[in-house]
Engineer: 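Submitted below is the structure of interest, expressed as structure tokens.
Chain naming here is simple, since letters A, B, ... match the order of the sequence lines and numbering starts at 1 in each. Values below: every heavy atom of this structure, side chains too, minus hydrogens, waters and symmetry copies. Being a predicted model, the structure only gives us computed values, none of them experimental.
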Protein chains: 2
Amino acid sequence: MSTRRTRQLEVIWEAVKGEMSHPTADQIYERVRKDMPHISLGTVYRNLQKLAADGKLQILTIDRTQHFDPLLEKHPHFICESCGKVYDVTLDRSDEAAPVLSPETGFTVTSHQLSLYGTCEMCS
Amino acid sequence: MSTRRTRQLEVIWEAVKGEMSHPTADQIYERVRKDMPHISLGTVYRNLQKLAADGKLQILTIDRTQHFDPLLEKHPHFICESCGKVYDVTLDRSDEAAPVLSPETGFTVTSHQLSLYGTCEMCS
DNA sequence: GTGCTTGCAAAGATTTTGCACGGCC
DNA sequence: GGCCGTGCAAAATCTTTGCAAGCAC
């Protein structure tokens, strides 16, 4: 169960660690293929999942497709309904903090995700 | 382009309009099939989309699968990471209101969705 | 050597679509 | 009758998985 340090994992991590564009698995695959032409898409998926399990990536599901976001810190996302681009957002009221359920509900909230939808600057 | 009132659309709407369990297209299909054994899954999808476009339903994408929620009013959802169930949520601080981006960003926010993740009562 | 990882391809799961027929207006 | 909606099945998307071979430790 220990995670081995393979060249594939390393190359994939290099490809996404500073990435701000919220790439999909396929986009990461295309990018990584330039360094490792024989890598397979399945391997990309498996390693992205590993990185996510490690807490190094966040998986955003937008419109039925996974996007991978290096986990710098929790932040909301803005999704343009016209072009589909995903933007990182900083809210004014900076910490509208973690929403909390009444304790008596018995639900345990471990994380949350706020998504804003609308039209981005370029599309308006 | 006008929406015709077909029996299929009606039956589908009847099946979801009071529904609080956030069913998937497939679950709605199974339900509707009891009244209309020959209805097709494609028709269910097409009509659910029509209802969503009409503003009668909200489509929640959870874990790569669409769930359909009659749109009573905007509310956050709690998704149990253990059993996958989706719950409607009312926050304490009732209106943590619509988050707003700084106006100068040029982004237009038309809607937003807050999702909480964790473990529900039955799964803990 | 042991057992996690990989590449490849096939299978899965969900949703969309083409087409000819049928039914609403 | 015109046209949108339907049923059916095939296609499309995106993701996961089985398996034998390979590599990390």
Engineer: State, to 0.1 Å, how close Val16(B) and Pro23(B) come at their nearest heavy-atom pair, and which atoms those are.
Structural biologist: CG1-CG, 4.5 Å
Engineer: Where along residues 47-54 of chain B does a heavy atom come under 4.0 Å from DNA chain D, residue by residue in number order?
Structural biologist: Asn47(B), Lys50(B)
Engineer: So which heavy atom on Ala15(A) is nearest to which on Val32(A), and how close?
Structural biologist: CB-CG2, 3.7 Å
Engineer: Roughly how many Å is it from CG in Leu9(A) to C1' in dC4(C), rounded to a whole number?
Structural biologist: 12 Å
Engineer: Tell me: CD1 of Ile39(B) to P of dC21(C), nearest whole Å?
Structural biologist: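 After rounding, the gap between these two atoms is 21 Å.
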Engineer: Specify the separation, in whole Å, of atom CG of Asp35(B) and atom P of dT6(D).
Structural biologist: 15 Å
Engineer: Quantify the bending of the helix from dG1(C)-dC25(D) to dC25(C)-dG1(D) as the angle between its end axes, each fitted on five pairs, to 10°.
Structural biologist: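 Taking five pairs per end, the axes differ by 40°.
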Engineer: So if I define the base as every atom that isn't primed, P, OP1 or OP2, how would nucleotides 18-25 of chain D read as a B/S/- string at a heavy-atom cutoff under 4.0 Å?
Structural biologist: B----BBS
Engineer: Kindly write out the residues that satisfy side-chain hydrogen bond (donor to acceptor under 3.5 Å, both in side chains) with Lys85(B), not counting sequence neighbours, or none if the list is empty.
Structural biologist: none
Engineer: Going by heavy atoms in the side chains, are Phe107(B) and Thr119(A) under 4.5 Å from each other?
Structural biologist: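 SC-SC contact between Phe107(B) and Thr119(A) ruled out.
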Engineer: Separation of His38(B) atom NE2 from dC8(D) atom P, in whole Å?
Structural biologist: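 The answer, rounded to whole Å, is 7 Å.
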Engineer: CD of Glu10(B) versus C1' of dG23(C): gap in Å, rounded?
Structural biologist: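 After rounding, the gap between these two atoms is 15 Å.
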Engineer: Expressed as a whole number of angstroms, how long is the span from Gln27(A):CD to dC14(D):C1'?
Structural biologist: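 In whole Å, dC14(D) C1' and Gln27(A) CD are 13 Å from each other.
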Engineer: Taking atom CG of Asp63(A) and atom CD1 of Ile79(A), what is their separation to the nearest 0.5 Å?
Structural biologist: 9.0 Å
Engineer: Give me each pair satisfying side-chain hydrogen bond (donor to acceptor under 3.5 Å, both in side chains) with a member in residues 43-54 of chain B, each pair once, sequence neighbours excluded.
Structural biologist: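 Qualifying pairs, neighbours excluded: Ser40(B)-Thr43(B).
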Engineer: Would you mind listing every ring-ring contact (aromatic ring centres under 6.0 Å, His included) that reaches into residues 14-42 of chain B, with sequence neighbours excluded?
Structural biologist: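 For residues 14-42 of chain B: His22(B)-His77(B).
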Engineer: Report the residues that fulfil side chain to side chain contact (heavy atoms under 4.5 Å, CB included) with Arg7(B), sequence neighbours left out, ordered by chain and then residue number.
Structural biologist: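 Val11(B), Met36(B).
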Engineer: Who pairs with Arg4(A) by side-chain hydrogen bond (donor to acceptor under 3.5 Å, both in side chains), at least two apart in sequence or on another chain?
Structural biologist: none
Engineer: Heavy atoms under 4.0 Å is the rule here; annotate nucleotides 9-14 of chain C 5' to 3' with B where the base is hit, S where only the sugar-phosphate is, and - elsewhere.
Structural biologist: -----S
Engineer: Residues in salt bridge (Lys or Arg N to Asp or Glu O under 4.0 Å) with Glu81(B), at least two apart?
Structural biologist: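 Scan of Glu81(B) (salt bridge (Lys or Arg N to Asp or Glu O under 4.0 Å), adjacent residues dropped) gives none.
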Engineer: Is there a side-chain contact between Phe68(B) and Ile59(B), using heavy atoms and a 4.5 Å cut-off?
Structural biologist: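 Phe68(B) vs Ile59(B): side chains touch.
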Engineer: Let me know, please, whether Val44(A) or His67(B) comes out on the 5' side of the other along DNA chain C by nearest nucleotide.
Structural biologist: Val44(A)
Engineer: Could you tell me the separation between the CE atom of Met36(B) and the P atom of dT6(D), rounded to a whole number of Å?
Structural biologist: 8 Å
Engineer: Mind jotting down which residue pairs meet the salt bridge (charged side-chain N to carboxylate O under 4.0 Å, His left out) criterion with at least one end in residues 28-37 of chain A? Sequence neighbours excluded, please.
Structural biologist: Glu19(A)-Arg31(A), Glu30(A)-Arg33(A)
Engineer: Excluding sequence neighbours, so at least two apart, what forms side chain to side chain contact (heavy atoms under 4.5 Å, CB included) with Thr24(A)?
Structural biologist: Asp26(A), Gln27(A), Thr65(A), His67(A)
Engineer: Rounded off to whole Å, could you give me the CZ-to-C1' distance for the Arg33(B) and dC8(D) pair?
Structural biologist: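 Rounded to the whole Å, the gap is 13 Å.
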Engineer: Within the structure provided, determine whether Leu9(A) and Thr3(A) are in side-chain contact (heavy-atom separation under 4.5 Å).
Structural biologist: yes
